[in-house]
Q: 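Take a look at this one; I'll ask things after.
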Protein chains: 4
Amino acid sequence: MTEPELRPRKTPLQTRSKATCAAVLEAAARILEAEGSHALTTNRVAERAGVSVGSLYQYFPGKEAILAELIRGLRRDMVLTMRRAADLGREESLASTVELMVAAALEHHLTRPELARALERVEAELPVDAETRELKGELRNIVADVLAGHGIADAESVAFDLVALCHGLSSAAIEAGEKDINGLTLRLKRAVLGYLVAEPAGTSR
Amino acid sequence: MTEPELRPRKTPLQTRSKATCAAVLEAAARILEAEGSHALTTNRVAERAGVSVGSLYQYFPGKEAILAELIRGLRRDMVLTMRRAADLGREESLASTVELMVAAALEHHLTRPELARALERVEAELPVDAETRELKGELRNIVADVLAGHGIADAESVAFDLVALCHGLSSAAIEAGEKDINGLTLRLKRAVLGYLVAEPAGTSR
Amino acid sequence: MTEPELRPRKTPLQTRSKATCAAVLEAAARILEAEGSHALTTNRVAERAGVSVGSLYQYFPGKEAILAELIRGLRRDMVLTMRRAADLGREESLASTVELMVAAALEHHLTRPELARALERVEAELPVDAETRELKGELRNIVADVLAGHGIADAESVAFDLVALCHGLSSAAIEAGEKDINGLTLRLKRAVLGYLVAEPAGTSR
Amino acid sequence: MTEPELRPRKTPLQTRSKATCAAVLEAAARILEAEGSHALTTNRVAERAGVSVGSLYQYFPGKEAILAELIRGLRRDMVLTMRRAADLGREESLASTVELMVAAALEHHLTRPELARALERVEAELPVDAETRELKGELRNIVADVLAGHGIADAESVAFDLVALCHGLSSAAIEAGEKDINGLTLRLKRAVLGYLVAEPAGTSR
DNA sequence: GATGAATGAGAGTTCATTCAT
DNA sequence: CATGAATGAACTCTCATTCAT
């Protein structure tokens, strides 16, 4: 089992190359959204991108690399969005900051929900590359920083849990077809603040 | 896109047939655990099961049906375990019942964690069949009943959220390699009780 | 390329055996009629016949043997029918005899047209066994005898041609969906009598 | 029963593609001639064509499409040959024209008799596509035009019968191993002229 | 004899990837 | 660099036939 190369072949500097690269990624995204990962074949991606298979392989060492790049892109966006929300919440109460960040995360899931869902599944089957892992860590750090800034103990571990439970809740709700985004935001906020308020551990009986 | 048939072909009555059927399912489970769903091919499953491909197809109309059956099996177990936990907690405090149920759910994830993870991913890509959908609903009903029994309002919707956030949290933790099951149980309990205690909605500012 | 055995395995003497044998043949015939030869599998035939595959193989050495037997049966019928028609026409004019025989042949095609068509196709792909070849010869002999009885020269060669052209014409007509059997009989009669009346050979310029 | 696609996948424009396509068709023809349609498998065709299976599937959506294309080719040739014969016979007597056309049709059967026979059988089992149907109609039209040009009543229906009976007679003769082509031509001519001369219908007794 | 579960060679088909043009 | 025809390993699934029960 040789791990497939997941990085793009060359960082395209010229305009035309960049366009080709982007076209490939967008085509892949659209197929993923509309038909799922089993329909994603290199030939089809190339065709939809209006590019020859040969060119596709010029920029990506293989199918997996395209997927990996899509995932990285999504994660990068996520980190950026969350960082912005954290900054915005800098001077606010914890509750407000939570609301801001929860909204940011949700917005993320909602721009292209099918794409996000598909990429998540794919990610679970792909050997995660270094950058993606790093981006996920970064996300938790942002949350941890916010928590620490509000004097919450054990910020890193708590951040892990909050990110995870929000992810679980929002995924399930969106998959179930939830349309009431405001309602969902409030439920997420309730989950987060609840977790923060509850006594940390086995003190109850 | 013709939906593949997900039900087994014939319910084996004789001993030999039942053994074949079980061997196929177990082989599929092992491959799934060890190598992931992309490695699950009908020939491989048959080989690992010590059975011919032909026999495999006698009982399952295709690869998807095997996966679907594994999923149904897992869900059935899950429902049974949870129902037992709910019964055990009948006379207990809410906190204790939550602990019992959370432990039950976790135990479930921990018997064959890789298998559970793999099947979850697969489930997301498969058109869910009626029985699986029903089983998932059943799980939420069990939780909702417990909540209602403790006087919690809006039990169904809350059950949905609790199941989802627990799922998210435990998946992430297990995937991250968490070994401290007691600790994890407490974190789940904290999440659940926190959600229940927190004020339901937009009353905060 | 070992020629497959085309004779039944044993001539069934007991009643039950004969019934099984007949059931298999009838089942095969029905499948052939309704779905064509590509749908004829031994398992399906056995199932439709209400018999186990094992039993089927008790009486027929293989799929081809079933087909061969069906063909032989059809040919035997044909020969009988034609012989009867020839006898009936013994004292009649040539035209009347031709009409009788043409009608007999047509009737044959019309009892189970789809079956006849399917078997004809199959026959062309199967190594013809001795008996079938003999039956075909017999058919031509019957016709030749009638012709000779009416003083027609070169009766054997003419019989060959008449059988062939009638076959071609009736097949095409039936396949084209012709329903007017009387009309078709007359067209066949016209073809036959025309051939008989026309000057035998290259005398024209 | 989903009807298989019978049209080629892409019409090859470049030289290389055209060669591949032709090689596939020729290989299929040779297998058909030498071993019959049951021996025609995609892998074998590709191998015999000196081409990979993948290439085969680039041009033909499946086995059936190859067969359909061969049939179309044969029919196209047939129509061309017959049209030429009809033109040649324009100023001739009916008898001469018949001879020309019969000879043309026979020549057709004789270039690759086994292939023609095999394709005919196959055609009977395949859902006929539009073009083939059209070509068959065209053939009958050519004949009908000639007949009408000689003042024969009911030309279309007569053309149907003549084409069918000639087909039956020549197939049977060739299959029986007839080598005397001139003789066969004369027999066909006799059949055709006889049919034309004979009184059309039930007027005889 | 009858049964039907089991077999496995082999058919059809796809798709990631290469490489001559 | 771009192209897209060609490749072929790998996959899914069928079906004639056998043989333990």
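Below, each value reflects all heavy atoms present in this structure, side chains not excepted, and no hydrogens, waters or symmetry copies. The shown structure was predicted, so the numbers you read here are calculated from the model rather than taken from an experiment. Letters A, B, ... are given to chains in the order of the sequence lines, protein chains preceding strands, and every chain is numbered from 1.
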Q: What is the distance, to the nearest angstrom, from the NE2 atom on H38(C) to the C1' atom on dA16(F)?
A: 17 Å
Q: What residues form a salt bridge (charged side-chain N to carboxylate O under 4.0 Å, His left out) with R133(A), not counting sequence neighbours?
A: none
Q: Is any side-chain nitrogen or oxygen of S55(C) closer than 4.0 Å to OP1 or OP2 of dG1(E)?
A: no
Q: Quick one: E5(D) CD to dT14(E) C1', roughly how many Å, whole number?
A: 17 Å
Q: Whole angstrom is fine here: how far is it from CD in E47(B) over to P in dA9(E)?
A: 13 Å
Q: Who pairs with R76(C) by salt bridge (charged side-chain N to carboxylate O under 4.0 Å, His left out), at least two apart in sequence or on another chain?
A: E69(C), E131(C)
Q: Please compare G50(A) and L40(B) by the position of their nearest nucleotide in DNA chain F and report the one closer to 5'.
A: G50(A)
Q: Using the salt bridge (Lys or Arg N to Asp or Glu O under 4.0 Å) rule, collect all pairs that involve residues 43-61 of chain A, keeping only residues at least two apart or in two chains.
A: E35(A)-R44(A), E35(A)-R48(A)
Q: Holding to side-chain hydrogen bond (donor to acceptor under 3.5 Å, both in side chains), I want the full list of residues that pass it with E64(C), two or more places apart in sequence or in another chain.
A: none
Q: Taking OH from Y59(D) and C1' from dT13(E), how many angstroms apart are they, rounded to a whole number?
A: 17 Å
Q: Measure across A118(C) and L32(C) and return the closest heavy-atom pair with its distance rounded to 0.1 Å.
A: CB-CG, 3.9 Å
Q: So what's the dot-bracket for DNA chain E: Watson-Crick or G-U pairs under 3.5 Å, [ ] if a pair crosses, | if it pairs off-strand?
A: .||||||||||||||||||||
Q: What's the CG-P distance between L67(C) and dA16(F), to the nearest Å?
A: 10 Å
Q: Taking for each residue the nucleotide of DNA chain F bearing the nearest heavy atom, is the 5' side occupied by Q58(B) or by V51(D)?
A: V51(D)
Q: If you compare every side-chain N and O of T20(B) against the phosphate oxygens of dA6(E) (OP1, OP2), does one of them come in below 4.0 Å?
A: yes
Q: Answer yes or no: is there a side-chain heavy-atom contact under 4.5 Å between Q58(B) and T20(B)?
A: no
Q: State, to 0.1 Å, how close A28(C) and L40(C) come at their nearest heavy-atom pair, and which atoms those are.
A: O-CD1, 3.5 Å
Q: Among dA2(F), dA16(F), dA5(F), which nucleotide sits nearest the side chain of T41(C)?
A: dA16(F)
Q: Check nucleotides 17-21 of chain F for protein N or O atoms closer than 3.5 Å to its own N or O atoms and list the pairs.
A:
from	atom 1	to	atom 2	distance (Å)
dT17(F)	OP2	Y57(C)	OH	3.0

Q: Just how far is it from atom CD1 of I71(A) to atom CG of L135(A), taken to the nearest 0.5 Å?
A: 11.5 Å
Q: Of the listed nucleotides (dA2(F), dA5(E), dT7(E)), which one gets closest to any side-chain atom of S17(B)?
A: dA5(E)
Q: Just N and O in the side chain of S52(A): are any of them under 4.0 Å from OP1 or OP2 of dT3(F)?
A: yes
Q: Provide, to the nearest angstrom, the distance between the NZ atom belonging to K18(D) and the C1' atom belonging to dA6(F).
A: 18 Å
Q: Start with the C-alpha gap between R121(D) and E125(D), add the side-chain angles, then the distance that decides, and say whether salt bridge (charged side-chain N to carboxylate O under 4.0 Å, His left out) holds.
A: CA-CA 7 Å; R121(D) 271 173 256 149; E125(D) 306 225 49; over 6 Å; no
Q: Just how far, in rounded Å, is C1' of dC15(E) from CG of L56(A)?
A: 13 Å
